[in-house]
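Hydrogens, waters and symmetry mates are skipped; everything else that's a heavy atom, side chains included, is used. This chain uses plain numbering: 1 for the first residue, then up along the sequence.
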Amino acid sequence: MIYILAIFLPLVGAAIAGFFGSWIKNKGAQLVTCSSLLLSAIFSLIILNDVALQHETKSIQLFSWVLSGGFEVNWALKFDTLTAVMLVVVTVVSCAVHFYSIGYMHHDRSVPRFFSYLSLFTFFMLMLVTSDNFLQLFFGWEGVGLASYLLIGFWYEKPSANAAAIKAFLVNRVGDFGFALGILGVFLLYGSVDFETVFSATPGKSAATMEFLGGEWHALTVLCLLLFIGAMGKSAQLGLHTWLPDAMEGPTPVSALIHAATMVTAGVFMVARLSPMFEYAPFALNVVCVVGASTAFFAATIGLCQNDIKRVIAYSTCSQLGYMFFACGVSAYAAGIFHLFTHAFFKALLFLGAGSVIHAMSSEQDMRKMGGIWRQIPLTYTMMWIGSLALAGVPFFAGFYSKDMILESAFAAQTNVGTYAFWMGMMAAIMTAFYSWRLLFMTFHGEPRADEKTMAHVHESPKVMTIPLIILALGALFAGFIGYDAFVGDGMREFWGKAIHVLPTNTAILDAHYVPLWVKLGPIILGLLGIALAYYMYIKRKDIPAKLTKLFPHLYLFLYNKWYFDELYDRIFVRPAKNIGEGLWKEGDGALIDGIGPDGISSVIRNLSGLISQLQTGFVYHYAFAMLIGVGGLVTLYLYTSG
């Protein structure tokens, strides 16, 4: 019973808060949603113990969902190690965010609606990770897209929030179009969308081909690439990443929940879940690796120059997702999920810590207007240090264990794409440490740059906000050490069981334990160099950043403007689409449709009717005269035709 309750309790909380929020008020909505998430988190920990540690894989069929001819899809909940790990990530982080939001959203006018959206999002994410087939996966996939749209645009009075919500929705639809095509292709190739049926039949389909875009291609490569396009959109990979930083327009708890720990990791989860397919599509795996490595480097470069505290962390998320993907690309799925697990804690900690700073600074998010506040909010300051140390991979915080394992796996793969990923990851590592401590020094140290009124208001957040920070900090401190052996160490095979499938020839994660010492020490040294460089530039020599900006103005603007991706897409897609729309409106609708319709035939008939109506004078002699003319005309016509 706890398996079902763990999934559906958030839905119950969302429904009660959403439909009865006006009756139960703010406290009632907070009570029902937070308590349901707390129970769901507790049940998820029990499920992790039963499934992953006791090795009791379960599948619970709820009902028959689709039955059409020979096509049958059941609604079932799949519980294996991969699902259990994701359940803990989603519910624990969501629970912390729910309680944190009690303090953060205290003065908002729509508290029940906000908590309903949070719980609804959590439910859809739980449906995604427990899906037993592709169609159910798609249901959860689209559900989190809907919920994210509602949460990003929660403050709909702000035009920027509306624009960000629409942008997230549209960019994800691009990825989801590829995802939907991939699911249709799976049914075409296998005649089923059930995971177990597809996975068991995949070795026999390893050489199959299919027609696509007018050519004959390796079927599994086509399907995996289409499915990965969906992952690129949902997980903000290079090319479909532009929605993620704009999504910071939503409330900060939304950023922590959706864009640090849950929705954006759905793509990584999907690739790991479909490892039995991806293993037989090596070219698709190479694409995953290259895209992930490029994203890790690209997003890190942008994080160097951002001044909005939430956007820095957002690009950090984008970069860390790149690490997870290139781990999957070298068949080190366990390392990718391990980093997903640890990252959820320290990135949610950083986002909520940033929210605590914003709360203290009267909603100010620009780091250039902060500084000198660490004494006023020492607990938040400590939490941000812990999160940053974990993010930078400093021993022996959580990120050290997971991120280093990814880099070591990429090196151990001994392939061209693996080597590319390794060096992109190494360069991203030093940049990650640099922008993390740039954020810390600009936000908390130096002379105060805010006005006196703001500085007088600076105070530590209430306990309902700081206790979730402490809980997440414990994960950032110990999750890597506790999980290392089971996730990627000696107990890996027993822990994962059949949840992840890797061909015997793909041994990157096993060989990662035997890489040269410099590979193991490299990320640590680069991380420390990044921290030292940030200290030198933002504490010791504060004039250097301005000098570098003047010395390399084009490079600075290139990075500050996010490689001009938004401007490029505006030129290639947005403006042409707008011009086409205006053309269809003015020429198609206005000139053609309205010209022929209301302004054409209808106008002629209306005008002609007006002229004819003028003949109706109401005088009898006029009608008699008209009748005489008519009779005369008929007589003339008769005589003419008969003669």
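Considering only heavy atoms from C-beta on, M125 comes within 4.5 Å of T265 through its side chain. Considering only heavy atoms from C-beta on, L77 comes within 4.5 Å of I7 through its side chain. Residues T130 and K78 are not in side-chain contact: their nearest non-hydrogen atoms beyond the backbone lie 4.5 Å or more apart. I16 has its side chain within reach of V12: a pair of non-hydrogen atoms, C-beta onward, lies under 4.5 Å apart. A 4.5 Å side-chain heavy-atom check between T202 and S206 finds every atom pair outside the cut-off. Taking the side chain as every heavy atom from C-beta outward, Y104 and I358 approach each other to under 4.5 Å. No side-chain heavy atom of E72 sits less than 4.5 Å from a side-chain heavy atom of V66. Using a 4.5 Å cut-off on side-chain heavy atoms (C-beta onward), F326 and V288 make no contact.
Of the inter-residue distances, the one linking S119 atom OG with L11 atom CG reads 9.5 Å to the nearest 0.5 angstrom. The distance from atom CG of L48 to atom CG of L87, rounded to the nearest 0.5 Å, is 9.0 Å. Distance OG/S235 to CE/M270: 8.0 Å, rounded to 0.5 Å. Atom OG of residue S409 and atom CZ of residue F422 lie 11.0 Å apart, to the nearest 0.5 angstrom. Within the model, atoms CD1 of I42 and CD1 of I46 stand 7.5 Å from one another, a figure rounded to the nearest 0.5 Å. For the atom pair CG (L37) and CG (L118), the distance works out to 8.5 Å, reported to the nearest 0.5 Å.
In this structure, the side-chain hydrogen bond (donor to acceptor under 3.5 Å, both in side chains) partners of W563, at least two apart in sequence or on a different chain, are T301. With sequence neighbours left out, P251 forms a side-chain contact (heavy atoms from CB on, under 4.5 Å) with M105, F114, F154, W155, P253, V254.
Checked against the 6.0 Å centroid threshold, F228 and F179 do not count as a close aromatic pair. Proximity of the aromatic rings of F43 and Y3 is defined here by a centroid distance below 6.0 angstrom, and this criterion is not met. Here F487 and W496 bring their ring centres to under 6.0 angstrom of each other. Ring centers of F121 and Y117: at least 6.0 Å apart, outside the cut-off.
The shortest heavy-atom contact between G230 and W141 is O-CZ2, 3.3 Å. Closest non-hydrogen pair, M492 versus A334, comes out as SD-CB, 4.0 Å. Across every non-hydrogen atom of Y100 and P468, the tightest pair is N-CG, 3.8 Å. Heavy-atom minimum distance, A499 versus L82: CB-N, 3.8 Å. The minimum heavy-atom distance between S148 and I258, with the atom names listed, is CA-CD1, 3.7 Å. Here the shortest heavy-atom pairing between R273 and V129 reads NH2-O, 4.1 Å.
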Only distances under 3.5 Å count here; give the side-chain donor-acceptor pairs of residues 279-287 to other protein atoms, sequence neighbours excluded, each with its distance to 0.1 Å.
unit_1, atom_1, unit_2, atom_2, d
E279, OE1, L503, N, 2.9
E279, OE1, N506, ND2, 2.6
E279, OE2, S331, OG, 2.8
E279, OE2, Y333, OH, 2.6

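Looking only at distances, no side-chain donor or acceptor of S40 sits under 3.5 Å from a matching main-chain atom of S36. Between the side chain of T221 and the backbone N or O of W217, no donor-acceptor pair lies under 3.5 Å. Side-chain N or O atoms of E408 include none that pairs as donor or acceptor with a backbone N or O of I406 at under 3.5 Å. A donor-acceptor contact shorter than 3.5 Å is absent between the side chain of K58 and the backbone of V51. Formation of a donor-acceptor pair under 3.5 Å by the H98 side chain with backbone atoms of S94 is found in this model. H343 places no side-chain N or O within 3.5 Å of a backbone atom of F341 that could act as its donor or acceptor partner. A donor-acceptor distance shorter than 3.5 angstrom exists from the side chain of D80 to the backbone of T83, with no hydrogens or angles considered. Checked by atom type and distance alone, the side chain of W243 never pairs as donor or acceptor with a backbone atom of I166 at under 3.5 Å. Between the side chain of D194 and the backbone N or O of E196, at least one donor-acceptor pair lies under 3.5 Å. T295 places no side-chain N or O within 3.5 Å of a backbone atom of G322 that could act as its donor or acceptor partner.
In this model, no donor atom of one side chain and acceptor atom of the other lie less than 3.5 Å apart for S402 and Y323. Residues Y401 and T342 have side chains that never bring a donor and an acceptor to within less than 3.5 angstrom of each other. Side-chain contact, Y435 with S316: a donor N or O sits under 3.5 Å from an acceptor N or O.
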_Steps toward side-chain contact (heavy atoms from CB on, under 4.5 Å) verdict (T432, L391)_ = CA-CA 8 Å; T432 299; L391 174 62; 3.6 Å; yes
*For F298 and F565, run ring-ring contact (aromatic ring centres under 6.0 Å, His included): C-alpha distance rounded to whole Å, both residues' side-chain angles, the deciding distance at 0.1 Å, then the answer.*
CA-CA 11 Å; F298 153 80; F565 263 96; 5.4 Å; yes
_Verdict with reasoning, F134 to Y190, per side-chain contact (heavy atoms from CB on, under 4.5 Å)_ = CA-CA 12 Å; F134 283 93; Y190 293 92; over 6 Å; no
*Carefully, step by step, assess C224 and L274 under the rule side-chain contact (heavy atoms from CB on, under 4.5 Å).*
CA-CA 9 Å; C224 289; L274 303 184; over 6 Å; no
*Apply side-chain contact (heavy atoms from CB on, under 4.5 Å) to the pair N74 and D132, showing each step before the final yes or no.*
CA-CA 8 Å; N74 295 317; D132 187 61; 6.0 Å; no
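Using cut-offs of 30° and 60° for the angle between ring planes, the F8 and F123 rings count as tilted.
No more than 12 heavy atoms of other residues, nucleotides or ligands lie within 6.0 Å of CZ in F481, so this atom counts as exposed by the packing criterion.
A cation-pi geometry, defined here as NZ or CZ lying under 6.0 Å from the six-membered ring centre and within 45° of its normal, holds between R173 and F169.
Under 4.0 Å is where a charged nitrogen must lie from a carboxylate oxygen, and between D566 and K167 at least one such pair does.
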